[in-house]
Undergrad: 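This structure is in structure tokens; I'll ask about it shortly.
It should be emphasised that the depicted structure is a prediction, and the values quoted were computed from it without experimental measurement. Residue numbering restarts at 1 for every chain, and letters A, B, ... go by the order of the sequence lines.
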There are 2 protein chains.
Amino acid sequence: MFSIGALSRHTGVKVPTIRYYEQMGLMCAPERTEGNQRRYGRAERERLGFIKHARDLGFSIEAISALIELNDHPDRSCAEASEIAAYQLSSVRKKIASLTRLESELSRISDGCSGNGIADECYVLASLADHARCETDH
Amino acid sequence: MFSIGALSRHTGVKVPTIRYYEQMGLMCAPERTEGNQRRYGRAERERLGFIKHARDLGFSIEAISALIELNDHPDRSCAEASEIAAYQLSSVRKKIASLTRLESELSRISDGCSGNGIADECYVLASLADHARCETDH
DNA sequence: CCTTGAACCTCTAGTGACTAGAGCAACTAG
DNA sequence: CTAGTTGCTCTAGTCACTAGAGGTTCAAGG
Ligand SMILES: [Zn+2]
Ligand SMILES: [Zn+2]
Ligand SMILES: [Zn+2]
Ligand SMILES: [Zn+2]
């Protein structure tokens, strides 16, 4: 049994974040000492490790709730887990695509200005004022 | 002179967002009718167009404030504009790099599960429970 | 001129996933 | 036993909006 601080050190999840996950229902309310302090065991450490890894991979709290629910019921179909992972992958790909378009515009804009001129003739400011200079939509 | 709704249609910025920009100091408080409704002119439409374009390119409200300040003072050095654009470019590149790492893990995870099995043997759930299966850090 | 309905006004609260801080209680090492 | 760290709850703040309540003003048709 260890304290919330020890759990935090073991998992790399900050103390207030652990309490937040409890509030959100991701972590169950743990046992308490007589003095009302949280005490965790091995199962909770694993659960929090799962949550942290999923968060690091960008899954939302809601998605993680559903995944944990499945993890707690090993006999259920994993169709939902597959769906959630596929959805997460596709939204990451969409974000990459959109950021890549931004990157090409921004590199053009940034390259167009050395920072040695005056605002009136600045390529950055002119580009922001006029989307027609852009090569892609956004 | 046109109403906030007309300005919204011209620029593609939603009405509550325009009011929000005014509250944040990005847009100046416009003239009002006798009945207290906002009336805008050409200068304000251009300014809002500038803001929208910058937002579409991912600049923060704070960055846009600084850029507008420069735009309003054409004789100043554009060094700050150059810095802001370079910073924005570098943060977009960092995001792309991080999302690309996630993408490769997520595609491995997603490919590993057809959705036809049970939770106990699911590759998605097993991968989330154990970061050692990952090929990159995150 | 009057009515109707759309558009406008302000203000508050909610989103997601935390993070910071106040003010107090409990635990632990020396 | 005491000092210092860690813990507790609760509230409010972050970012860039978005939604809703409850009321007012505007523009067009009759
Ligand atoms: Zn410049
Ligand atoms: Zn553009
Ligand atoms: Zn599976
Ligand atoms: Zn991993």
Undergrad: Does B/Tyr21 make a side-chain N or O approach to OP1 or OP2 of D/dC17 shorter than 4.0 Å?
TA: yes

Undergrad: Of the nucleotides D/dA16, D/dT18, C/dC9, which has the atom closest to the B/Ile4 side chain?
TA: C/dC9

Undergrad: Could you state the atom-to-atom distance from CD of A/Glu62 to P of C/dC18 in whole Å?
TA: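 Whole-Å distance recorded here is 14 Å.
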
Undergrad: Detail all sub-3.5 Å separations between protein N/O atoms and N/O atoms belonging to nucleotides 27-30 of chain C.
TA:
{"residue": "C/dC27", "atom": "OP1", "partner": "A/Thr33", "partner atom": "OG1", "Å": "3.1"}
{"residue": "C/dC27", "atom": "OP1", "partner": "A/Gly35", "partner atom": "N", "Å": "3.0"}

Undergrad: Atom OH of A/Tyr40 to atom C1' of D/dT6: distance rounded to whole Å?
TA: 14 Å

Undergrad: Could you work out which one of D/dC8, D/dC17, C/dC8 sits closest to the side chain of A/Arg38?
TA: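 Selected nucleotide: D/dC8.
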
Undergrad: Under 3.5 Å, side chain of A/Gln37 to main-chain N/O of A/Arg32, donor-acceptor pair present?
TA: no

Undergrad: Atom CZ of B/Arg19 to atom P of D/dT18: distance rounded to whole Å?
TA: 13 Å

Undergrad: When rounded to the nearest 0.5 angstrom, what distance separates CD1 in A/Ile118 from CG in A/Leu125?
TA: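 One finds 11.0 Å between CD1 of A/Ile118 and CG of A/Leu125.
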
Undergrad: Which listed nucleotide (C/dT19, D/dC8, C/dA17) is nearest to the side chain of A/Arg32?
TA: D/dC8

Undergrad: Calculate the interatomic distance between A/Asp56 atom CG and C/dA17 atom C1'; express it in whole Å.
TA: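 About 13 Å, once rounded to whole Å.
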
Undergrad: Between C/dA17, D/dT9, C/dC9, which one does the side chain of A/Ile61 approach most closely?
TA: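 Of the options given, the side chain of A/Ile61 lies nearest C/dA17.
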
Undergrad: For A/Thr136 and A/Glu105, run side-chain hydrogen bond (donor to acceptor under 3.5 Å, both in side chains): C-alpha distance rounded to whole Å, both residues' side-chain angles, the deciding distance at 0.1 Å, then the answer.
TA: CA-CA 8 Å; A/Thr136 61; A/Glu105 296 300 345; 2.9 Å; yes

Undergrad: Has B/Thr100 got a side-chain atom pairing as donor or acceptor with B/Ile96's backbone, closer than 3.5 angstrom?
TA: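 Yes; judged by distance alone, with no hydrogens or angles, the pair exists.
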
Undergrad: Any carboxylate oxygen within less than 4.0 angstrom of a Lys/Arg side-chain nitrogen, looking at A/Arg47 and A/Asp72?
TA: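 A salt bridge links A/Arg47 with A/Asp72.
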
Undergrad: What's the CD1-C1' distance between B/Ile51 and D/dC15, to the nearest Å?
TA: 16 Å

Undergrad: Rounding to a whole Å, what distance do you find between A/Gln23:CD and D/dA12:P?
TA: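 Rounded to whole Å, this separation is 14 Å.
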
Undergrad: Take atom NZ of A/Lys14 and atom P of C/dA20, then tell me their distance rounded to the nearest Å.
TA: 6 Å

Undergrad: Which whole-number value in Å describes the distance from A/Phe59 CZ to C/dA17 P?
TA: 13 Å

Undergrad: If the threshold is 4.0 Å, N to carboxylate O, is there a salt bridge linking A/Glu22 and A/Arg38?
TA: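 A salt bridge is present here (some side-chain N lies under 4.0 Å from a carboxylate O).
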
Undergrad: Would you say B/Thr17 reaches D/dT18's phosphate, i.e. side-chain N/O to OP1/OP2 under 4.0 Å?
TA: yes

Undergrad: Do B/Tyr123 and B/Arg108 get their side chains close enough for a donor-acceptor pair, meaning under 3.5 Å?
TA: yes

